[in-house]
Chemist: 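Can you read through this structure? Questions will come right after.
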Amino acid sequence: MKGAVLENARVVHHDGVESRPLAFANGRVVATAAPDSPRIDLRDHLIFPGLINAHDHLQLNAIPQLPHNEKFGNSYEWIDAFSSHLKEPSVLAATRVSSETRHWHGALKNLFAGVTTVAHHDPWHVAFDDADFPVHVLREAGWSHSLRLGMPGEDGLPRYGPPVRGSFCATSAEHPWVIHLAEGVDEVAAGELSQLDALGCLAPNTVLVHGVGLTSADVDRVIEVGASVVWCPASNLEMFG
């Protein structure tokens with residue numbers, strides 16, 4: 001559908017609600033649509049701007065959660081526990097689904113929740129280049145998974161994803177650079193901001209995901225630098241209580 005007019009709806013703005021028709025052409029809001037555009041009556045409905053999901057792993061949305069009774073101290077403990085969970089039949093069945101399909105599943109889950117733009121915290125997938133992909137995936141952002149998984153291991157290579165320092169330096173200061181940090185409630189999590197700062201990777205374009213373990217001094221430092229924090233309450237409650 002090249003164009004359409006949504007009639008009799010209430011359009012939500014940041015500072016109020018406006019009753020008005022909303023016209024589209026070629027996927028964008030326009031002042032007026034073509035005369036032959038279909039008209040859709042949305043009486044008694046609200047129209048919101050598309051939401052932005054600031055943190056997701058699109059291909060993991062359909063993976064069964066890790067059952068556990070005890071709370072974890074940090075995300076690395078959860079990752080270690082999840083390694084055995086990968087052998088469960090339900091998890092094996094979910095991961096046998098093609099990577100492209102799983103990325104589409106994650107995108108559709110977001111779209112049905114009102115999200116139109118997603119910051120994907122994993123490698124770029126060719127599915128995102130499909131003109132019909134359900135959501136816009138932020139392309140320009142840089143990322144590293146976390147300090148431990150993004151730092152060299154004994155073989156000198158990152159354990160997962162781009163290396164911390166290398167990916168930070170390769171990301172333009174005009175674009176966000178995203179990393180899981182201080183994801184936990186123990187001393188390991190509480191010590192991560194100072195490590196990141198010492199690496200020279202704490203800057204105004206740094207986006208810290210979770211940040212549960214940030215100390216009061218850490219919060220002051222984040223504000224001083226002008227960095228950002230993405231908060232994931234459901235995940236934090238599930239893993240750390």
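Residues: numbered from 1 along the sequence shown.
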Chemist: Can you label the angle between the W124 ring and the F128 ring as parallel, tilted or perpendicular, going by 30° and 60°?
Modeler: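 Perpendicular, since the angle between the ring planes exceeds 60°.
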
Chemist: Can you name the side-chain hydrogen bond (donor to acceptor under 3.5 Å, both in side chains) partners of T32, sequence neighbours left out?
Modeler: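 Not a single residue meets the side-chain hydrogen bond (donor to acceptor under 3.5 Å, both in side chains) criterion with T32.
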
Chemist: Do L147 and V225 share a hydrophobic cluster, counting only Ile, Leu, Val, Met, Phe, Trp and Tyr and linking them when any side-chain heavy atoms are less than 4.5 Å apart?
Modeler: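 Yes: a chain of side-chain contacts under 4.5 Å links L147 to V225.
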
Chemist: How close do V209 and C232 get, counting heavy atoms only, and between which atoms?
Modeler: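 Scanning both residues, the minimum pair turns out to be CG1-SG, 4.1 Å.
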
Chemist: Mind checking side-chain contact (heavy atoms from CB on, under 4.5 Å) for L46 and listing every partner two or more places apart, or none if nothing turns up?
Modeler: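 Applying side-chain contact (heavy atoms from CB on, under 4.5 Å) to L46 gives R10, V12, V17, F48.
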
Chemist: Please collect all salt bridge (Lys or Arg N to Asp or Glu O under 4.0 Å) contacts where either partner lies in residues 29-40, sequence neighbours excluded, each pair once.
Modeler: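 Listed by first then second residue: E7-R39.
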
Chemist: Is it possible for you to say whether Y160 and L86 belong to one hydrophobic cluster, with membership spreading through side-chain heavy-atom contacts below 4.5 Å?
Modeler: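 Yes, Y160 and L86 fall within the same hydrophobic cluster.
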
Chemist: Transitively linked via ILVMFWY side-chain contacts under 4.5 Å: W177 with V137?
Modeler: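 No, no single cluster joins them.
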
Chemist: L108 and P134: which non-hydrogen atoms are nearest, and at how many Å?
Modeler: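 Scanning both residues completely, I find the closest heavy atoms to be CD2-CG, 3.7 Å.
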
Chemist: Can you measure from CG (L58) to CG (D122) and round to the nearest 0.5 angstrom?
Modeler: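 L58 CG to D122 CG: 8.5 Å, rounded to 0.5 Å.
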
Chemist: By salt bridge (charged side-chain N to carboxylate O under 4.0 Å, His left out), which residues pair with R139, not counting sequence neighbours?
Modeler: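 Partners of R139 under the salt bridge (charged side-chain N to carboxylate O under 4.0 Å, His left out) test: D129.
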
Chemist: Starting from the C-alpha separation in whole Å, work towards a yes-or-no answer on side-chain hydrogen bond (donor to acceptor under 3.5 Å, both in side chains) for H105 and Q59.
Modeler: CA-CA 7 Å; H105 284 167; Q59 81 284 14; over 6 Å; no

Chemist: Applying the 4.5 Å side-chain criterion to the ILVMFWY set and letting contacts propagate, would V229 and L138 be lumped into a single cluster?
Modeler: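 Unlinked, V229 and L138 end up in two clusters.
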
Chemist: Only distances under 3.5 Å count here; give the side-chain donor-acceptor pairs of residues 195-208 to other protein atoms, sequence neighbours excluded, each with its distance to 0.1 Å.
Modeler:
unit_1: Q195; atom_1: NE2; unit_2: G191; atom_2: O; d: 3.2
unit_1: D197; atom_1: OD1; unit_2: R221; atom_2: NH2; d: 3.3
unit_1: D197; atom_1: OD2; unit_2: R221; atom_2: NE; d: 2.7
unit_1: D197; atom_1: OD2; unit_2: R221; atom_2: NH2; d: 3.3
unit_1: N205; atom_1: ND2; unit_2: S172; atom_2: O; d: 3.4
unit_1: N205; atom_1: ND2; unit_2: H175; atom_2: O; d: 2.9
unit_1: T206; atom_1: OG1; unit_2: C201; atom_2: O; d: 2.9
unit_1: T206; atom_1: OG1; unit_2: A203; atom_2: N; d: 2.9
unit_1: T206; atom_1: OG1; unit_2: A203; atom_2: O; d: 3.3

Chemist: Report the residues that fulfil salt bridge (charged side-chain N to carboxylate O under 4.0 Å, His left out) with R96, sequence neighbours left out, ordered by chain and then residue number.
Modeler: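 Listed in chain order: nothing, the list is empty.
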
Chemist: From N8 CG over to D41 CG, what is the distance, rounded to the nearest 0.5 angstrom?
Modeler: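 If I round to the nearest 0.5 Å, the distance is 4.5 Å.
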
Chemist: Does anything in residues 14-47 form a ring pair (Phe, Tyr, Trp, His ring centres under 6.0 Å)? List the pairs, not counting sequence neighbours.
Modeler: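 Applying ring pair (Phe, Tyr, Trp, His ring centres under 6.0 Å) to every pair that reaches into residues 14-47, excluding sequence neighbours, yields nothing.
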
Chemist: Do H68 side-chain atoms and E70 backbone N/O form a donor-acceptor pair below 3.5 Å?
Modeler: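 Checked: pair present.
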
Chemist: What residues, two or more places apart in sequence or in another chain, satisfy side-chain contact (heavy atoms from CB on, under 4.5 Å) together with D132?
Modeler: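 Result, side-chain contact (heavy atoms from CB on, under 4.5 Å) vs D132: W104, D130.
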
Chemist: For D80, check salt bridge (charged side-chain N to carboxylate O under 4.0 Å, His left out) against everything at least two apart and list the hits.
Modeler: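 D80 satisfies salt bridge (charged side-chain N to carboxylate O under 4.0 Å, His left out) with no other residue.
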
Chemist: So, E77 side chain and G73 main chain: donor-acceptor pair closer than 3.5 Å or not?
Modeler: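 Yes, the answer is positive, given that a donor and an acceptor are paired below the 3.5 Å cut-off.
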
Chemist: List the atom of S146, the atom of V164, and the distance in Å for their closest heavy-atom pair.
Modeler: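 Heavy atoms of S146 and V164 come nearest at O-CG2, 3.7 Å.
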
Chemist: Go through the side-chain N and O atoms of S167 and W143 and say whether any donor and acceptor fall under 3.5 Å apart.
Modeler: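 On atom types as modelled, these side chains do not qualify, holding no pair under 3.5 Å.
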
Chemist: When rounded to the nearest 0.5 angstrom, what is the spacing between CG in N53 and OG1 in T117?
Modeler: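 Interatomic distance, N53 CG to T117 OG1, rounded to 0.5 Å: 10.0 Å.
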
Chemist: Please tabulate, for side-chain N and O atoms in residues 179-187, each donor-acceptor pair with protein atoms closer than 3.5 Å (sequence neighbours left out).
Modeler:
unit_1: H180; atom_1: ND1; unit_2: H145; atom_2: O; d: 2.6
unit_1: H180; atom_1: NE2; unit_2: H55; atom_2: NE2; d: 3.2
unit_1: H180; atom_1: NE2; unit_2: H57; atom_2: NE2; d: 3.4
unit_1: E183; atom_1: OE2; unit_2: H210; atom_2: NE2; d: 3.3
unit_1: D186; atom_1: OD1; unit_2: V188; atom_2: N; d: 3.3
unit_1: D186; atom_1: OD1; unit_2: A189; atom_2: N; d: 3.1
unit_1: D186; atom_1: OD2; unit_2: N74; atom_2: ND2; d: 2.7

Chemist: Taking side-chain contact (heavy atoms from CB on, under 4.5 Å) as the definition, give me every residue that meets it alongside S83, ordered by chain and number, with sequence neighbours left out.
Modeler: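 S83: no side-chain contact (heavy atoms from CB on, under 4.5 Å) contacts found.
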
Chemist: Which distance, rounded to the nearest 0.5 Å, do you find between the OG of S75 and the CZ of F82?
Modeler: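 S75 atom OG to F82 atom CZ measures 13.5 Å (nearest 0.5 Å).
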
Chemist: Please say yes or no: joined through hydrophobic side-chain contacts below 4.5 Å, possibly via intermediate residues, are L66 and L237 part of one cluster?
Modeler: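 No; L237 is not reachable from L66 via cluster members.
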
Chemist: Do F72 and I79 have side chains that approach each other closer than 4.5 Å (heavy atoms only, starting at C-beta)?
Modeler: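 Side chain of F72 against side chain of I79, heavy atoms only: no contact under 4.5 Å found.
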
Chemist: Given 3.5 Å as the limit, does a donor-acceptor pair link the side chain of S144 with the main chain of G150, or not?
Modeler: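 Absent.
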
Chemist: Check whether T95 reaches the backbone of V91 with its side chain - one donor and one acceptor, N or O, closer than 3.5 Å.
Modeler: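 Side chain of T95 to backbone of V91: a pair is present.
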
Chemist: Contact between K71 and F240 at the side-chain level, heavy atoms closer than 4.5 Å - yes or no?
Modeler: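 In short, these two side chains do not touch, never coming nearer than 4.5 Å.
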
Chemist: Any idea which heavy atoms bring P21 and V5 closest together, and the distance?
Modeler: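 Minimum heavy-atom separation between P21 and V5: CB-CG1, 4.2 Å.
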
Chemist: Are Q65 and H85 linked by a side-chain donor-acceptor pair shorter than 3.5 Å?
Modeler: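 Absent: no donor and acceptor within the cut-off.
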
Chemist: Can you tell me how far the NE2 atom of H103 sits from the CG atom of L60, to the nearest 0.5 Å?
Modeler: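 The NE2 atom of H103 sits 8.0 Å away from the CG atom of L60.
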
Chemist: Evaluate whether atom CG of D15 has more than 12 neighbouring non-hydrogen atoms of other residues, nucleotides or ligands under 6.0 angstrom away.
Modeler: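 Check passes, neighbour count above 12.
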
Chemist: Tell me every residue that passes side-chain contact (heavy atoms from CB on, under 4.5 Å) with T116, counting only those two or more places apart in sequence or in another chain.
Modeler: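 In terms of side-chain contact (heavy atoms from CB on, under 4.5 Å), with neighbours along the sequence ignored, T116 is linked to no residue.
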
Chemist: Indicate the atoms forming the closest heavy-atom contact of I63 with A94, along with that distance.
Modeler: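 That closest heavy-atom pairing would be CD1-CB, 3.9 Å.
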
Chemist: With distance as the sole criterion, is a donor-acceptor pair present between the side chains of E100 and H125 under 3.5 Å?
Modeler: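 There is no such pair (donor and acceptor under 3.5 Å, judged by atom type) between the side chains of E100 and H125.
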
Chemist: Heavy atoms only: give me the nearest T101-S98 pair and the separation to one decimal.
Modeler: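 So the two residues come closest at OG1-OG, 2.8 Å.
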
Chemist: Heavy atoms, side chains only, cut-off 4.5 Å: are L42 and I47 in contact?
Modeler: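 SC-SC contact between L42 and I47 confirmed.
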
Chemist: To the nearest 0.5 Å, how far apart are CG in L111 and CG in L51?
Modeler: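 So the gap between those two atoms works out to 10.5 Å.
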
